[in-house]
Structures are given as C-alpha cells and as structure tokens.
Amino acid sequence: MTDSVVDLAKELKNGAVEALPAGRLEEQLEESRPLRVKLGIDPTAPDIHLGHCVVLDKLADFQRSGHEVVLIIGDYTARVGDPSGRDSQRPVLAPTEIESNARTFQDQAFKILDPERTTVRFNSEWLDMPMEDLFRLLGSVTVAQVLERDDFDKRIKADLPISVLEILYPLLQGYDSVAIRSDVELGGTDQKFNLLLGRDVQRSYGVPEQSIMCMPILPGIDGKQRMSKSLGNYVGVTDPPEEIFGKLMSIPDDAMPSYYDLVLRREVPGELSPNEAKRELGRSVVARFHGESAAERAEARFDQIHVSGEIPEDVEEHSLAGFADPEGSVHLPLLISKLFGVSSSEARRLIEQGGVKLDGSPISAEHGLDLPVSELSGKVLQVGKRRFAALQD
RNA sequence: GGGGGAGUGCCCGAGUGGUUAAAGGGGACGGGCUGUAAACCCGUUGGCUCUGCCUACGAAGGUUCGAAUCCUUCCUCCCCCA
C-alpha cells in the first residue's frame with residue numbers, strides 16, 4: 001500500500017469516530033477510482049440542522065477528493081421508522097408529509113454538498129418491490145442478527161415493544177446499499193449497526209461490501225440530548241440569521257467544545273472569554289449559511305435586544321384595524337394572542353408578570369386590559385424579550 | 001385462546017368519593033441577575049367575552065348531594081402462559 005493512499009485515508013477519516021472494517025477504506029482508495037459514498041436521510045422532518053451538517057461536511061470532504069456522493073432520500077423507509085437510538089416506537093408519517101419534506105431536503109443539502117458530484121435517489125425507486133423480492137431480502141439476515149443490536153437489547157430488557165416494522169428497517173436501509181452499489185456509507189455513531197448490517201445484505205446479494213464511517217453526534221442546544229428536530233433543540237440551516245445566532249448563544253458553555261469541533265472543525269480559541277468564543281461560534285455559523293454581513297447584523301440585533309435591552313429598528317408593523325371596538329379601545333389579551341400566537345389567558349399572565357411592554361415600559365394590569373387606539377398607535381409592543389410588533393392605526 | 005396490568009394536563013408521574021384545574025419532576029415561558037436566549041435565583045404554566053364562566057383525568061353511559069377516584073360496556077396499549 002502506498003504512502004499516499006494511507007495519507008489520503010487518514011485525511012478522510014479525520015473527525016470520524018470509527019471507520020470499519022479496519023483497513024477497508026485504504027483498500028478501496030488503492031483502486032484509484034471515484035468511490036460511491038452513500039448517505040441516507042429519512043425526511044421525517046423538513047429541516048436539515050447542524051447535526052446533519054457534521055455528516056454532510058464529511059461527505060463534502062469525499063467530494064473534494066474526487067469521490068461521488070449518493071444522497072438517498074428515504075421516502076420509503078420514513079414510512080417504517082428507524083429504531084436507532086429510540087426507546088419507544090416512532091410515529092409513522094403520512095405519505096404527503098414525507099413528500100413535502102423530501103422536496104425541501106435536497107435544496108438544503110446542496111448548501112453543503114457539491115451538486116455536480118451528488119446523485120439524489122429516492123428509495124421508493126427500489127423498495128416498492130414485489131413480495132417475492134421482499135422474501136429474498138428478508139432471507140438475507142436472521143432475527144438474532146437484528147435483535148443483537150443495543151437499542152433492541154435495551155428494549156427487550158425493559159419489556160418495551162419492538163414492532164416487526166422496526167426489525168425490517170435495517171434490512172431496507174441495507175438494500176439501499178445493494179441498489180446503488182455503495183462503496184462507503186456514512187452516518188452518525190448511532191447508525192453503526194444499520195451501516196454494518198448493510199454489509200451483510202450486500203454480501204447476501206453478491207455485491208462488494210461497503211466500508212462504513214461513523215461521525216460523532218452533535219449535542220442539541222440544550223447541551224444534553226442529541227440535536228434533533230423532534231426534541232426541539234436544533235439549529236436549522238434555513239433558520240433566519242438572528243435565530244441561528246440566538247440559539248447558539250443559548251447553548252451551555254460546556255457544550256462549546258463540541259460545537260467548535262464538530263461544526264467549525266477547529267478548537268475553541270483559548271484566548272477568548274466564553275462569551276466571546278460563543279459569539280465567534282454564532283457569527284461563524286451564520287456567516288456560513290447567510291454570509292458575513294448577515295452575521296454582523298445578527299450579532300448587533302442580539303446585543304440590542306439582550307444586552308442593551310433596546311427595541312430593534314426593523315420591527316414588523318401590524319395594523320390595529322379590526323382590534324378596536326366601537327369606542328376605539330383595544331382588548332390587550334386579544335391583540336397579543338392574535339399577534340404572537342399565544343392564548344389570551346397566557347397573554348393575561350404575561351401582562352401580570354410584567355412581560356408585556358409598550359415602547360419599553362411595562363404595561364400594568366391595574367389600569368385595565370383595554371387601551372384606546374390612540375395610546376397604542378405608533379408604539380412598539382413587546383412581549384417577553386424577543387417578540388416585537390410596531391403598532392399602526 | 002387463557003390470565004394479569006395500564007390508559008391523568010406539553011412530557012414523565014402522584015392521586016382510589018368532597019377546598020382537585022388536579023402533588024412532584026422535566027420542558028416551556030416571564031421576571032431578577034449576568035458575559036449570552038450560559039449559570040444561578042424567583043415566579044407562571046387548560047381555555048374564555050376573566051372578580052365570573054366553560055372544558056378536563058382513554059370513550060360512552062350509570063350510581064351519588066358530589067367521581068380522576070365506584071359500576072357497566074367499548075377502544076387502545078403492555079406483560080405472562082398457550
């Protein structure tokens with residue numbers, strides 16, 4: 001094996017937790033051909049977040065060294081539900097939902113991947129198979145092989161249910177690898193089992209077995225659980241700049257090393273204070289998806305709202321028309337509930353707690369909850385720290 | 001097919017006839033503080049036309065002055081045996 005191949009493999013494996021089987025990637029690289037690198041994503045949620053980016057970035061590495069990426073949109077497997085890392089069954093999505101998610105997915109992925117070197121496939125292309133072919137697939141792996149995995153093992157021990165559908169899932173994912181003849185499959189460390197089982201399925205079909213590479217899992221902005229849409233602790237690549245910046249400023253300080261390592265691929269600048277380092281993180285991520293100037297604006301807005309407690313300039317305007325009663329007064333709970341999508345009971349609570357301000361001064365509930373239009377018009381209504389509306393006649 | 005168990009508010013989870021809109025925790029939200037939407041502290045957390053009214057403890061009925069708590073039927077889920 002030549003030194004250059006060893007170096008190349010080392011470079012590609014940089015940042016990965018595992019690349020299996022040992023030495024396999026090196027062998028593949030020695031063939032000096034573009035490798036077909038697979039990533040499967042189930043369109044269970046419409047947003048690609050920073051957690052996905054860790055794997056997508058690695059795919060981009062492969063592309064830069066001349067390899068091909070096959071992105072598989074799991075429109076069919078999404079209807080099954082991946083049991084990986086789950087301690088309970090996953091709700092199965094409606095086909096229409098899956099479809100609309102799939103569409104937005106590609107665009108987002110191309111924020112990171114090179115479209116020229118990416119092939120997008122939907123696994124319904126080959127998974128919508130006759131029973132006969134399904135039997136062939138099901139015969140390729142034993143129940144014991146599937147139940148061996150950690151997730152299932154835990155559930156069995158805890159007397160939790162496992163559906164047949166879930167047992168099927170890794171086989172379907174493995175069949176994707178057969179269908180596209182993948183050389184390498186990437187995924188998070190939670191995908192290790194599924195990725196490895198793909199090799200068994202490939203072997204059974206007599207096609208060359210892929211090597212696999214597992215990337216670390218990015219913690220969510222709560223700093224505790226993995227980043228995921230369903231946990232609501234994610235930063236989406238299509239989030240507006242202020243959102244991305246704000247969300248990143250809210251991660252616990254001790255989650256910063258993970259973010260620097262996995263998202264920015266560098267060390268936390270030791271010379272910076274935690275606050276500055278987190279700002280740098282926020283700016284860098286915003287700049288990546290929205291550009292430098294957006295990053296500056298996002299930070300400026302953050303400081304305005306959270307540090308100075310000021311009202312930003314670019315507040316969206318809302319008309320009071322339709323809210324005033326015949327006497328020309330506006331019922332505040334109703335206004336707030338319509339404008340910000342909270343219940344009117346919640347709006348009342350916010351007012352009582354001093355969380356509602358008009359041009360910066362808290363509204364007191366003592367003077368009643370109805371205010372004349374003249375007292376509201378031209379002013380900025382603020383609910384909590386982050387919600388604003390410029391009121392107009 | 002037989003036997004056993006469970007379904008409570010956003011989530012987990014107490015509660016077995018009467019101040020129960022329902023303990024506690026998590027999450028979320030608001031306030032304080034701060035270097036941040038970190039951390040920490042305090043508070044709020046069913047809805048509404050809100051000093052009152054309505055809806056709520058899987059569903060529908062029933063018993064009762066009164067039920068999340070008792071009875072009946074149904075639905076869903078889990079476990080064990082076959």
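Every chain is numbered from 1, with letters handed out A, B, ... down the list of sequences.
Within residues 256-278 of chain A, the residues approaching RNA chain B are A:Pro274, A:Asn275, A:Lys278, by heavy-atom distance under 4.0 Å. For the segment residues 299-320 of chain A, the set of residues with a heavy atom within less than 4.0 Å of an atom of RNA chain B comprises A:Phe302, A:His306, A:Val307, in numerical order.
Between B:G46 and A:Ser343, no contact under 4.0 Å exists linking OP1 or OP2 to a side-chain N or O.
When heavy atoms are screened at a 4.0 angstrom cut-off, A:Arg279 is found touching no nucleic acid atom at all. Nucleic acid contact for A:Gly246: base, since at least one base atom lies under 4.0 Å from a heavy atom of the residue. A:Gln225 comes within 4.0 angstrom of no nucleic acid atom, judged by non-hydrogen atoms across all strands.
Closest-nucleotide positions on RNA chain B for A:His331 and A:Arg386 were compared, and the one nearer the 5' end corresponds to A:Arg386.
Between A:Tyr175 and A:Tyr205, the ring center distance clears the sub-6.0 Å criterion.
Shown here, B:A59 forms a base pair with B:U73; the pair counts as Watson-Crick or G-U wobble because both key distances fall under 3.5 Å. For B:C33, there is no paired nucleotide, since no Watson-Crick or G-U wobble pair has both relevant distances below 3.5 Å.
There is no side-chain donor-acceptor pair under 3.5 Å between A:Asp114 and A:Gln63.
Nearest nucleotide to the side chain of A:Pro252, out of B:C50, B:A38, B:U45: B:A38.
For the C1' atom pair drawn from B:G32 and B:A39, the interatomic distance equals 14 Å after rounding to whole Å.
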